[in-house]
Amino acid sequence: LRLHASHGFDGVTTTAQPAPVDASTPLVAVTPRMATEIFPMMSPAPVSYRLRFGASFADVDGRPALGAHPDSELIFALPPGAREAECAFGIMAGAYEHTGASTNGVRFSAAYELPDGTRREIFSRTLTPFEEPRDRGDQSAVIPLTDFPAGARLVFVTGTDGDERYDWAYLRKIQMH
């Protein structure tokens, strides 16, 4: 549903952008039910998250994907003995198929979050599918999980350069083993 500024509904205010999601936005704790219903493509499921538009799914090329529009975060406990995180992610085709109305890119990153709250980035990739055809469709990465300190967590983030129009990012898989 889209309402224009002159929609004619008394007492209803519309805004051009959704409320910002940033570090001050409370994290949502993941319950066991949420883990199986919202995050079946992730192993283990995240312990908490901030998703720009809440937990939403899209059909991307005939398969489900979790909407992770910038700025979003998924926070995971690191399983004992985990050596790598296998990930699949991308930007929905509708975000780059039209000249003049397209994404300018989404940054996908992962970091260790240390017990004191600081983060140490271990992976980053920016997709710009309008300009770079190889950034279209599912992308994948295998992120080595080495030398993480005791008590660290793994944080996956989608980010933007400040212009989040058409930044229709998704996550298809995050599996640690």
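Since we're looking at a predicted model, the values are computed, not measured.
Listed by chain and number, the residues in a side chain to side chain donor-acceptor pair (under 3.5 Å) with D61 amount to none (sequence neighbours excluded).
In this structure, CG on L114 lies 12.0 Å from CZ on F148, to the nearest 0.5 angstrom. Distance check, rounded to the nearest 0.5 Å: CG of L78 to CG of L145 gives 6.0 Å. Once rounded to the nearest 0.5 Å, the distance linking CG of N104 with CZ of F130 reads 11.0 Å. Interatomic distance, E121 CD to S109 OG, rounded to the nearest 0.5 Å: 5.0 Å. Here the straight-line distance linking atom CE of M34 with atom OG of S48 works out to 10.0 Å at 0.5 Å rounding. We find the CG-CE distance between L66 and M42 to be 5.0 Å, quoted to the nearest 0.5 Å.
Sparse packing is recorded around CZ of R83, with 12 or fewer heavy atoms of other residues, nucleotides or ligands lying under 6.0 Å away.
F89 and L74 fall within a single hydrophobic cluster, where Ile, Leu, Val, Met, Phe, Trp and Tyr side chains are chained together by heavy-atom contacts under 4.5 Å.
At a threshold of 4.0 Å, the pair D135-R125 counts as salt-bridged, since one of the basic side-chain nitrogens sits closer than that to a carboxylate oxygen. For the pair E73 and R119, the salt-bridge criterion is met [side-chain N within less than 4.0 Å of a carboxylate O]. Looking at D138 and R172, a side-chain N of the basic residue comes within less than 4.0 Å of a carboxylate O on the acidic one, giving a salt bridge.
Taking the six-membered ring where the residue is Trp, the centroids of Y49 and F39 are separated by under 6.0 Å. Residues Y166 and W168 bring their aromatic ring centres within 6.0 Å.
Between F156 and F76, the angle of the ring planes goes over 60°, which puts this pair in the perpendicular group of the 30/60° scheme.
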